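Quick caveat: nothing in here was measured; it's all calculated off a predicted structure. The sequence lines fix the lettering, A, B, ..., with proteins before strands; numbering per chain opens at 1.
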Protein chains: 2
Amino acid sequence: MSTDQKTSYLDVKNVIRRRIHDTVWEPGSLMPGEVELSQEFGCARATVNRALRELAQDGMIERKRKAGTRIKSAPTRHAKFVIPRIREEIERMGFDYRYALIERKEKTIPDWLCARIGGKAGEDVLHLRCMHYAGSRAFQYEDRWINLVSAPKARAQTFQDINPNEWLIREVPFSDGEVILSTVNADQIMSEMLNVSLGAALFTLERITWLKDMPMTFAKLYFHAGYQMTTRL
Amino acid sequence: MSTDQKTSYLDVKNVIRRRIHDTVWEPGSLMPGEVELSQEFGCARATVNRALRELAQDGMIERKRKAGTRIKSAPTRHAKFVIPRIREEIERMGFDYRYALIERKEKTIPDWLCARIGGKAGEDVLHLRCMHYAGSRAFQYEDRWINLVSAPKARAQTFQDINPNEWLIREVPFSDGEVILSTVNADQIMSEMLNVSLGAALFTLERITWLKDMPMTFAKLYFHAGYQMTTRL
DNA sequence: ATATTTATTATGTCTATACATATTAAGGGA
DNA sequence: TCCCTTAATATGTATAGACATAATAAATAT
């Protein structure tokens, strides 16, 4: 049996996506179940299951065992951004990657960081400030805190010759993370580090990682002026 | 047979993810195929297939028919951001959504836009500038262009009472899109519209949509001061 | 009438088998 | 030796059937 006779999961997915878009089913309402749809499309329930699973992943419907499949009232569009390693991003642009450690200090966790990442008072953390260059051009300023309780191996690392992210990726897995994209006006430090005028708008990426509910790292990255984060929908 | 005896696709996925992280297989190299892995894990090839498909989607491996499955040299982490409708985002924060059309003009496509979105010289476009409020507080300034060749129904729409995005979602599907996140220093117009000081750092979201290779809309959104776009990893 | 227990059900997933197909390797001819 | 054709192969996907399970509805007990 050739493809043009069999209904593929992509066919099912596209037809259902179209019906949702045309509000064939009211937002918020239940739509037909897998068995009914497999009869309609003349295909296996597993084929319908795959189509619906992907639509759920795309944010258009929500599914519950026994409860059925419901059209989302406010279907959401997702944009997936690649978060490349800084070295790859710079090299892909055709520049040499260069790294410089500005400061390395072991401290007791400050209260603001405790509150921010849900750490425990009194814990030791490693504070690193470093710069990443594209050739001779300042690309990114990094302000990072590593929890020495969840990542004790970091204590023995100078981070003189390896950037923290590359070390962490190799040495310490994480289970959860949070990313916050935003912007700030450059202050004196950022102005000097990134070679921009005071007050220049800087794109920022804040990131917390956890390992099994234990906060592990907190990093705030400040990108060079004019930085753009791009993705296809 | 109970779950603790059967190998699930999630078990397979996690074990393989761990092996990739521990560089059991060298980055860039071929890893064992589905048949071999199904024998190792004592499960169906379809179970391994699903695990590997998801790892490919997560950016850790790449797969080709006949060529096999290869560990990515530079595995990439993805952050998936929800792009909510502005009304939903504002209402979810507990505010009333308010919309105001600032300007509506039909024009011939400017050269810079032609170049930016790959349009054709001489085509008609609709230029809209509008504001979105959270209660009485300025939330977002929107500068949008709609191609009247690919979205002719927009010509008949005043956009006095409906925000362009809500209208477009309902009336015009799109097939492709591009999103660019960045930042700018507020100029005179943005300063007035968003009620921020001149030069304040503003988070921006630029978005182009296409319908079958035909550029349809171009929008640039300027968010209020302090805006943050958040996601979980 | 309410709470608890039991039954039902719609989705989640596993399996074996089969067919499809993009890609690579091997074989044959010029 | 090079080019074209054919074969092989590893992944992509469809199917039928089975089992698992979260969630809801119905039945039963108090």
Please set out all donor-acceptor pairs under 3.5 angstrom arising from side-chain atoms of residues 226-233 of chain A, sequence neighbours excluded.
unit_1, atom_1, unit_2, atom_2, d
Tyr227(A), OH, Glu89(A), OE2, 2.7
Thr231(A), OG1, Lys80(A), O, 2.4

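When rounded to the nearest whole Å, the span between CZ of Arg70(A) and P of dA22(D) equals 20 Å. Regarding Glu54(A), its CD atom lies at a distance of 17 Å from the P atom of dT11(C), rounded to whole Å. dT15(C) atom C1' lies 17 Å from atom CZ of Phe41(B), rounded to whole Å. For Lys13(B) and dC14(C), the NZ to C1' distance is 17 Å, given to the nearest whole Å. Here dA23(D) presents its P atom at 15 Å from CG of Leu30(A), a figure rounded to the nearest Å.
The side-chain heavy atoms of Lys13(A) and Leu55(A), taken from C-beta on, include a pair separated by under 4.5 Å.
Screening residues 49-96 of chain A for ring pair (Phe, Tyr, Trp, His ring centres under 6.0 Å), with sequence neighbours left out, gives Phe81(A)-Phe81(B). Screening residues 64-75 of chain A for salt bridge (charged side-chain N to carboxylate O under 4.0 Å, His left out), with sequence neighbours left out, gives no hits. A ring pair (Phe, Tyr, Trp, His ring centres under 6.0 Å) check over residues 47-75 of chain B, counting only residues at least two apart or in different chains, returns nothing. Listed by first then second residue, pairs satisfying side-chain hydrogen bond (donor to acceptor under 3.5 Å, both in side chains) with a partner in residues 20-31 of chain A read Arg18(A)-Asp22(A), not counting sequence neighbours.
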Handout entry: Per-nucleotide protein contact string for nucleotides 7-15 of chain D, where B marks a base within reach and S marks sugar-phosphate only (heavy atoms under 4.0 Å, - for neither)
Key = -BBBBBBSB
